Engineer: 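Before we start, here is the structure in question, set down as structure tokens.
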Amino acid sequence: MKQIRILWTDDEIDLLKPHIIFLESKGYSVDTATNGTDAIELSKQNDYDIIFLDENMPGLSGLETLSQIKDILPHTPIIMITKSEEEDIMDEAIGSKITDYLIKPVNPNQILLTIKKNIDKQRLITEKTTSSYQMEFGRLGMRINEVSNYKEWYQVYRKLVYWEMQLMESNDNTMDEVFEMQMNEANSTFCKYIKRNYTSWFRPDCTDKPLLSPNLLREKVFPLLNDGKLVLFLLIDNLRFDQWKAIEPILNQFYTTAEEDMFFSILPTSTQYSRNSIFSGLMPSEINKLYPDLWKNDDEEGGKNLYEEDMLRSMMNRFNIRQGLYFDKITDIKNCKSITDNIKNIVQNKFVSIVVNFVDSLSHAGTEQRMVRELTNTTEAYLSITKSWFELSPLFDMLKAFAEQGAYLVIGTDHGSIQIANPIKVIGDRATTTNLRYKQGRNLAYNPKEVFEITNPSDAYLPKTNISSTYIFSYNDDFFAYPNNYNHYVKYYKNTFQHGGISLQEMIIPAITMKPKI
């Protein structure tokens, strides 16, 4: 391991000889200077890992020296050591981008702790994270194999996302393959659970079932409205639970997470089905039956989500929600800024519902555009881009404005996505749906052992396009490919993020309630 180099500048450096000997005994290399001018020259000649700088020195002051060293080594941590605790000196030092400061007299252990905090922190975190996950691996594997209900799946998936985020932050790739194996194991077991239980959730006598898409607004939004709260329901299309965890710290600047819940997307985990279900409060076959003019089947031309506001207003009438409604879809920066500029008028409605399509657009762009695919070729990259977009987009300013108006924020989504890898052959006619993760049609040819098949769509409240309609859903990271031009098809879609099928990432999705910090 590379030896850490330290520069310590103090006009009384001789008095600090015991400290320097102590650090050298710990394996550190220490250079010394008695004044700012010498410290600057040494900084030009050497690439130091950390610099200790006395604030009160004859000649160039510590702050003047700091400024010049920052020009030479802008990314090197600089620790200011001072006798004074005067606030203006500390403010000036912090404003000059010191990393930390210590008050004299300092002892060797303080110095050592500062070095570890600023230099060894990442290594220590990595080692601790890796060893902790290694210890957790066996226990988590046992939990995966013993899961018997949806609540336990929530707990398992939370734990998997937690370790996914911890391992990413540690920048250690040694456990990536192990974690991927465990996530695949969890998904395989989860798919078997869905195959056994999914259609039973829609039977009248079923009492143990998760919150599903049609009941999201009724359970998470309408109670707040009935309590007289101003509510913003933000549906971020295609938001996974780990993507929520990536953006949560950003939102916590002006919101407090009051409830971090999960719910299940209905099948297919696609915008047409799950999002229409959320805004109508109905299952797809019920929408098709009650509002045939608002529902378009897979094989019909035109947009499949053009009537969400109409569906939402109808649901509000059914549940006697009398507040005014403002509904919008954010498709570009201009649209977002317009909402922020008009927020005082908008919040007069008390119920604001906004759909944001960025994450879904990102996954589609990752399929269709080579550059975006290269930028989102791993889960870590996918999360990073989501976080950067959220932090830098006008949506961030819009949500801050809603917090200032005292609005409760409910964040939901229609489904998540998964990075696909394993092609499964299927044959269908021209009317078969084109989605990679599910197929709906007649005369489908497939291996029943490789899919979850629903031969009677009414069992899952799915609409029929004809008498012999069948739905099939892919598992885990599988995707459907047609035998003709098979190799090209597989090469084009492999490793892209898709949705429509069955996986933890697609089906178990966030339902978050946040209180404004006002």
Side-chain angles (χ1 to χ4, degrees), residues 150 153-154 157-158 161 164 210-221 231-248 250-251 255 257-281 283-284 304-305 308 311-312 327-331 336 352-366 376 379 382-383 385-387 389-390 393 395-396 398-399 408-419 435 437-438 497-514:
Y150 72 89
W153 273 118
Y154 287 166
Y157 187 43
R158 278 182 191 276
V161 168
E164 175 189 56
L211 177 63
L212 294 163
S213 305
N215 296 323
L216 177 64
L217 290 173
R218 186 172 65 182
E219 295 291 329
K220 299 300 181 182
V221 174
V231 181
L232 166 61
F233 173 59
L234 183 72
L235 188 141
I236 304 178
D237 193 355
N238 202 7
L239 185 75
R240 299 172 12 153
F241 187 76
D242 54 1
Q243 288 173 308
W244 149 249
K245 296 305 292 183
I247 67 174
E248 182 185 17
I250 304 169
L251 275 170
Y255 280 100
T257 304
E259 181 184 42
E260 184 182 76
D261 204 353
M262 294 172 162
F263 73 107
F264 274 68
S265 169
I266 61 165
L267 295 174
T269 49
S270 68
T271 302
Q272 177 193 354
Y273 291 87
S274 52
R275 203 160 93 191
N276 279 331
S277 182
I278 287 172
F279 284 113
S280 66
M283 291 294 289
K304 306 300 193 290
N305 288 85
E308 292 159 342
M311 292 179 180
L312 178 53
F327 186 93
D328 209 339
K329 294 183 182 181
I330 293 178
T331 55
C336 198
V352 180
S353 182
I354 295 175
V355 177
V356 180
N357 284 316
F358 173 82
V359 179
D360 193 53
S361 299
L362 178 65
S363 68
H364 287 299
T376 58
T379 296
Y382 193 41
L383 294 184
I385 288 180
T386 303
K387 182 179 179 180
W389 154 75
F390 189 82
S393 76
L395 178 63
F396 181 79
M398 186 194 80
L399 294 176
Y408 275 64
L409 174 61
V410 178
I411 297 177
T413 187
D414 42 8
H415 54 75
S417 64
I418 188 169
Q419 191 171 24
N435 189 288
R437 295 280 290 159
Y438 81 93
F497 286 86
Q498 303 291 337
H499 56 83
I502 301 171
S503 67
L504 290 161
Q505 294 94 323
E506 290 165 288
M507 288 195 75
I508 299 184
I509 46 181
I512 313 300
T513 303
M514 308 192 82

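The residues of the chain are indexed from 1 along the displayed sequence. Everything numeric here is computed off the predicted structure, so don't read it as measured data. Note that these values count all heavy atoms, side chains included, but never hydrogens, waters or copies made by symmetry.
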Engineer: Is the closest side-chain heavy-atom distance between Gln505 and Ser417 below 4.5 Å?
Structural biologist: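 No - every pair of side-chain heavy atoms lies 4.5 Å or more apart.
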Engineer: Could you tell me the separation between the CG atom of Leu212 and the CD1 atom of Ile278, rounded to the nearest 0.5 Å?
Structural biologist: 10.5 Å
Engineer: Would you please test Met398 and Val356 for side-chain contact (heavy atoms from CB on, under 4.5 Å) and show each step?
Structural biologist: CA-CA 12 Å; Met398 186 194 80; Val356 180; 5.8 Å; no
Engineer: Just wondering, do Tyr273 and Asp414 contact through their side chains at under 4.5 Å, heavy atoms?
Structural biologist: no
Engineer: Roughly how far apart are Ile250 CD1 and Leu399 CG, rounded to 0.5 Å?
Structural biologist: 10.5 Å
Engineer: What are the two closest non-hydrogen atoms of Leu239 and Ile509, and how far apart are they?
Structural biologist: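 Minimum heavy-atom separation between Leu239 and Ile509: O-CG2, 4.0 Å.
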Engineer: Would you confirm whether Asn435, through its side chain, and Tyr438, through its main-chain N or O, come within 3.5 Å as a donor-acceptor pair?
Structural biologist: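 Judged by distance alone, yes, a pair lies under 3.5 Å.
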Engineer: For residues Leu235 and Arg275, report the shortest heavy-atom separation together with the two atoms involved.
Structural biologist: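 For Leu235 and Arg275, the tightest heavy-atom pair comes out as CD2-CD, 3.5 Å.
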Engineer: Which pair of non-hydrogen atoms, one from Phe390 and one from Phe396, has the smallest distance, and what is that distance?
Structural biologist: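 In terms of heavy atoms, the two residues are closest at O-CB, 3.4 Å.
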Engineer: Which heavy atom in Met283 sits nearest to a heavy atom in Pro214, and how many Å separate them?
Structural biologist: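 Scanning both residues, the minimum pair turns out to be SD-CG, 3.5 Å.
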Engineer: Please confirm whether the ring centroid of Tyr154 lies under 6.0 Å from the ring centroid of Phe264.
Structural biologist: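 Aromatic pair counts; centres sit under 6.0 Å.
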Engineer: If you compare all heavy atoms of Phe279 against all heavy atoms of Ser353, which two are closest, and at what distance to 0.1 Å?
Structural biologist: CE2-OG, 3.4 Å
Engineer: Look up atom OG in Ser274 and atom CG in Asn238, then write down how far apart they are to the nearest 0.5 Å.
Structural biologist: 9.0 Å
Engineer: Any non-hydrogen side-chain atom of Ile418 less than 4.5 Å from a side-chain atom of Gln498?
Structural biologist: no
Engineer: Return yes if some donor-acceptor pair links the side-chain N/O of Glu259 with the main-chain N/O of Thr513 below 3.5 Å, else return no.
Structural biologist: no
Engineer: Show your reasoning for whether side-chain contact (heavy atoms from CB on, under 4.5 Å) applies to Phe263 and Asn215.
Structural biologist: CA-CA 10 Å; Phe263 73 107; Asn215 296 323; over 6 Å; no
Engineer: Under the side-chain contact (heavy atoms from CB on, under 4.5 Å) criterion, do Ile354 and Lys329 qualify, and how do the steps go?
Structural biologist: CA-CA 6 Å; Ile354 295 175; Lys329 294 183 182 181; over 6 Å; no
Engineer: Is a donor from one side chain sitting under 3.5 angstrom from an acceptor on the other, for Thr271 and His415?
Structural biologist: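 Yes, His415 and Thr271 have a side-chain donor paired with an acceptor closer than 3.5 Å.
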Engineer: Measure from the side-chain N and O atoms of Tyr255 to the backbone N and O of Leu409, and report whether any donor-acceptor pair falls under 3.5 Å.
Structural biologist: no
Engineer: Taking Ile266's backbone N and O only, do any of them form a donor-acceptor pair with Ser213's side chain (distance below 3.5 Å, no angle check)?
Structural biologist: yes
Engineer: Just by distance, do the side chain of Thr386 and the backbone of Tyr382 share a donor-acceptor pair under 3.5 Å?
Structural biologist: yes
Engineer: Within a strict 4.5 Å, meaning less than it, do heavy atoms of the Lys245 and Glu164 side chains meet?
Structural biologist: no
Engineer: Show your reasoning for whether side-chain contact (heavy atoms from CB on, under 4.5 Å) applies to Ile508 and Tyr150.
Structural biologist: CA-CA 9 Å; Ile508 299 184; Tyr150 72 89; over 6 Å; no
Engineer: Sequence neighbours excluded, which residues qualify as side chain to side chain contact (heavy atoms under 4.5 Å, CB included) partners of Thr257?
Structural biologist: Trp244, Glu248, Asn252, Glu260, Ile512, Met514
Engineer: What's the spacing between Leu217 CG and Lys220 NZ if we round to 0.5 Å?
Structural biologist: 11.5 Å
Engineer: Between Thr269 and Arg437, is there a side-chain heavy-atom distance shorter than 4.5 Å?
Structural biologist: no
Engineer: To the nearest 0.5 Å, tell me how far Asp242 CG sits from Ile247 CD1.
Structural biologist: 11.0 Å
Engineer: Roughly how far, to the nearest 0.5 Å, is OG of Ser277 from CD of Gln272?
Structural biologist: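 Between Gln272 CD and Ser277 OG, I get 11.5 Å after rounding to 0.5 Å.
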Engineer: Side chains of Leu216 and Leu211: does their closest heavy-atom pair fall under 4.5 Å?
Structural biologist: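 Sidechains of Leu211 and Leu216: in contact.
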Engineer: Within the side chain of Thr413, is there an N or O that forms a donor-acceptor pair under 3.5 Å with the backbone of Ile236?
Structural biologist: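 Indeed, once roles are kept as given, a pair shorter than 3.5 Å links the two residues.
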Engineer: Answer whether the closest heavy-atom distance between the side chains of Pro210 and Trp153 falls below 4.5 Å.
Structural biologist: no
